[in-house]
Amino acid sequence: MSLAGIFLITFLLVHMGINLLVIIFDDPMVYNRAAHFMSSNILIKIFEIVLFGGLLLHVIFALILQVQNWFARPRRYNKANYSNTSFFSKFMIHTAGIILVFLIIHFIDFYFRVKFGHSTMIHVDGVMYHDLATEIVDKFKLLPFVIFYIAAFIFLGFHLIHGFQSAFKTLGLDHKKYTPVVQALAFIYTVVVVAGYSIIPLVIYFK
Amino acid sequence: MNLKLKIWRQKDTQNRGKFVNYELRDISPDSSFLEMLDILNEQLVTRNEEPVVFDDDCREGICGACGMYINGHPHGPDTLITVCQLHMRKFKNGDTIVIEPWRARAFPMIKDLMVDRSAFDTLIQEGGYVSVNTGSAPDANNIPIKKEFAELSMDAAACIGCGACVAACKNASAMLFVGAKVSHLSLLPQGKVEARERVKRLVAMMDKLGFGNCTNTGACEAECPKGINMTNIARLNREYYKAAF
Ligand code: SF4
Ligand code: FES
């Protein structure tokens with residue numbers, strides 16, 4: 001659970017870095033080349049399988065643990081959840097549900113279109129590229145899309161702010177001195193990821 | 001002070017149980033919460049009704065027998081105390097107080113506010129002990145132990161096994177209790193010998209008894225009357241990985 005989580009946490013950074021190319025460079029080919037590299041490189045192909053595996057493991061473990069946890073208290077309290085605790089950890093399964101719905105839509109929108117060849121192709125220097133950059137720009141000119149994506153990123157942030165530091169504790173790493181550092185890192189990471197991903201649709205929409 | 005009480009009444013495991021409302025007048029703010037319940041029970045007895053059943057023993061905050069879920073908090077709204085140490089001055093005149101039993105599959109209902117916490121005894125039998133004879137009190141000083149470890153172990157040993165951690169946890173997990181036992185014993189040389197076996201057995205038994213899984217939410221730490229720290233849960237995880245690999 002925690003290992004798969006940490007793995008996904010690192011992947012989010014990589015994915016964000018590549019995506020930012022769309023708004024950093026005016027030339028759409030910079031992003032298209034990067035995406036092309038990502039989809040043609042054999043190492044990355046393997047990594048893709050590992051990534052899906054990681055995601056699947058994270059989801060399956062979460063479901064098993066959650067069901068066990070629900071069974072552990074067959075009868076609910078009348079007044080529950082009043083304890084002074086980490087706020088977002090109470091809603092991990094709910095934010096997870098929202099993120100999952102987002103991921104499905106996100107896959108239908110981008111990933112499957114490329115995989116199953118529904119995207120526009122362009123010819124540059126004798127190589128065929130998926131013109132993803134233009135597609136992304138087209139998508140994010142639509143306001144509902146922008147709002148949906150940003151909302152999903154915010155929920156992702158809620159999920160991360162607890163998940164990041166909780167993963168360390170589950171791995172047995174909790175220390176008077178270092179845990180506050182991890183928590184600070186979790187906060188910075190979450191802000192960077194949410195801002196980094198959100199800025200893409202925003203910049204495109206307002207450009 | 002005058003109070004409205006909403007108390008969970010349940011005849012036994014077979015019955016469904018429900019909240020029953022009671023009104024109490026002229027309760028002294030200096031009386032303890034359990035004394036307040038005693039007054040209610042006296043009134044119920046004189047009215048020929050069944051008194052409310054709850055657990056208690058020492059009423060000094062040291063035995064861990066008492067425990068009920070008051071207005072959404074195990075042991076009530078105050079921190080670092082058991083319910084026998086809770087006083088009515090923590091409430092206001094006219095308050096409605098909702099009182100429920102600990103709720104967890106591993107703690108089956110006995111009656112009203114009393115649940116069966118023998119799952120904790122089962123855990124202690126499974127790994128909450130050391131097999132060597134450690135002698136009498138003076139012998140303890142014959143083995144030099146680093147102050148840091150002695151302190152950590154003593155802090156963990158403060159656990160009185162009340163079950164508030166399980167009651168508070170949204171997953172009804174016993175990780176804080178088991179973490180306290182593992183820290184208490186495995187940090188000391190007398191307990192180190194069996195450390196691997198102990199943690200494996202405790203974790204297996206904890207799962208078998210139907211406790212939930214830890215999500216590091218921290219409700220246990222917030223409600224524990226003895227201030228048992230969540231670092232004990234991380235230590236339990238650490239010890240478990242050490243034993244597993
Ligand atoms: S860890 Fe705290 S809350 Fe849990 S049983 Fe021990 S004293 Fe009670
Ligand atoms: S009755 Fe012993 S701790 Fe409350």
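The figures that follow rest on heavy atoms only: side chains count, while hydrogens, waters and symmetry mates do not. To find a chain, count down the sequence lines: A is the first, B the second, and so on, and within it residues start at 1.
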Visitor: Rounded to the nearest 0.5 Å, what separation is found between the CZ atom of B:Arg238 and the OG1 atom of A:Thr170?
Guide: 12.5 Å
Visitor: Please flag which part of B:Asp207 lies under 4.5 Å from any non-hydrogen atom of chain A: side chain, backbone, both or neither.
Guide: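 Contact with chain A involves no heavy atom of B:Asp207 at all.
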Visitor: Could you check whether atom CZ of A:Phe107 has more than 12 heavy atoms from other residues, nucleotides or ligands sitting under 6.0 Å from it?
Guide: yes
Visitor: Does A:Phe206, at its CZ atom, have more than 12 non-hydrogen atoms belonging to other residues, nucleotides or ligands within less than 6.0 Å?
Guide: no
Visitor: At a 4.5 Å cut-off on heavy atoms, which part of B:Phe19 comes close to chain A: side chain, backbone, both, or neither?
Guide: side chain
Visitor: If you measure from CZ on B:Phe211 to CG on A:Asn69, what distance do you get to the nearest 0.5 Å?
Guide: 13.0 Å
Visitor: List the atom of A:Ser166, the atom of B:Thr215, and the distance in Å for their closest heavy-atom pair.
Guide: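 Scanning both residues, the minimum pair turns out to be OG-O, 3.6 Å.
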Visitor: Spell out, as yes or no, whether a donor-acceptor pair under 3.5 Å connects the side chain of B:Arg105 to the backbone of A:Phe71.
Guide: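 Checking the backbone N and O of A:Phe71 against the side chain of B:Arg105, a donor-acceptor pair under 3.5 Å is found.
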Visitor: So which of A:Gln165, A:His175, A:Arg76, A:Met92 has the largest heavy-atom pair count under 4.5 angstrom toward chain B?
Guide: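 Most pairs with chain B among the choices: A:Arg76.
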Visitor: Given 3.5 Å as the limit, does a donor-acceptor pair link the side chain of A:Tyr77 with the main chain of B:Arg103, or not?
Guide: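 Yes, the answer is positive, given that a donor and an acceptor are paired below the 3.5 Å cut-off.
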Visitor: For the candidates B:Ile233, B:Val98, B:Asn71, which exhibits the highest count of non-hydrogen atom pairs separated by less than 4.5 Å from chain A?
Guide: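 Looking at each of B:Ile233, B:Val98, B:Asn71 in turn, B:Asn71 comes out on top.
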Visitor: Just wondering, are more than 12 heavy atoms of other shown residues or ligands nearer than 6.0 Å to CZ in A:Phe47?
Guide: yes
Visitor: As an exercise: rank B:Tyr240, B:Tyr241, B:Tyr69 by heavy-atom pairs under 4.5 Å with chain A and give me the winner.
Guide: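 Highest number of pairs under 4.5 Å: B:Tyr69.
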Visitor: Most heavy-atom pairs under 4.5 angstrom with chain A, which of B:Gly72, B:Ala168, B:Pro77?
Guide: B:Gly72
Visitor: Looking at A:Asp26, I'd like to know if its CG atom is crowded, meaning that more than 12 non-hydrogen atoms belonging to other residues, nucleotides or ligands lie closer than 6.0 Å.
Guide: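 Not buried by this count: 12 neighbours or fewer within 6.0 Å.
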Visitor: For a side chain to side chain contact (heavy atoms under 4.5 Å, CB included) check, start with the C-alpha distance between A:Asn78 and B:Lys6, then their side-chain angles and the critical distance, and finish with the verdict.
Guide: CA-CA 11 Å; A:Asn78 181 265; B:Lys6 201 176 154 191; 4.0 Å; yes
Visitor: For B:Cys169, is it the side chain, the backbone, both, or neither that has a heavy atom closer than 4.5 Å to a heavy atom of chain A?
Guide: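 Interface part for B:Cys169: backbone (N, CA, C, O).
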Visitor: Classify the side-chain pair A:Ser86/B:Asn216 by whether it contains a donor and acceptor separated by less than 3.5 Å.
Guide: no
Visitor: Nearest 0.5 Å please: distance from the CG atom of B:Asn229 over to the CG atom of A:Asp174.
Guide: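 The CG atom of A:Asp174 is 7.5 Å from CG of B:Asn229, to the nearest 0.5 Å.
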Visitor: Using non-hydrogen atoms only, which part of B:Pro101 is less than 4.5 Å away from chain A: side chain, backbone, both, or neither?
Guide: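 Interface part for B:Pro101: backbone (N, CA, C, O).
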Visitor: How many angstroms lie between atom NZ of B:Lys170 and atom OG of A:Ser89, to the nearest 0.5 angstrom?
Guide: 5.0 Å
Visitor: Which heavy atom of B:Ala104 sits nearest a heavy atom of A:Pro74, and at what distance?
Guide: C-CD, 4.4 Å
Visitor: Compare every heavy atom of B:Gly210 with every heavy atom of A:Ala72, then report the nearest pair and how far apart it is.
Guide: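 Taking every non-hydrogen atom into account, CB-O, 3.5 Å.
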Visitor: Specify which of A:Met1, A:His162, A:Gln66 makes the most heavy-atom pairs with chain B at under 4.5 Å.
Guide: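 Highest number of heavy-atom pairs under 4.5 Å: A:His162.
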Visitor: Which distance, rounded to the nearest 0.5 Å, do you find between the OG1 of B:Thr217 and the CZ of A:Phe87?
Guide: 12.0 Å
Visitor: Specify which of B:Ala172, B:Gly17, B:Gly212 makes the most heavy-atom pairs with chain A at under 4.5 Å.
Guide: B:Ala172
Visitor: At a heavy-atom distance under 4.5 Å, which candidate from A:Gln68, A:Lys169, A:Lys176 has the highest pair count against chain B?
Guide: A:Lys169
Visitor: Counting heavy-atom pairs under 4.5 Å to chain B, which of A:Phe88, A:Phe168, A:Trp70, A:Tyr82 comes out on top?
Guide: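 Of the candidates given, the most pairs with chain B belong to A:Tyr82.
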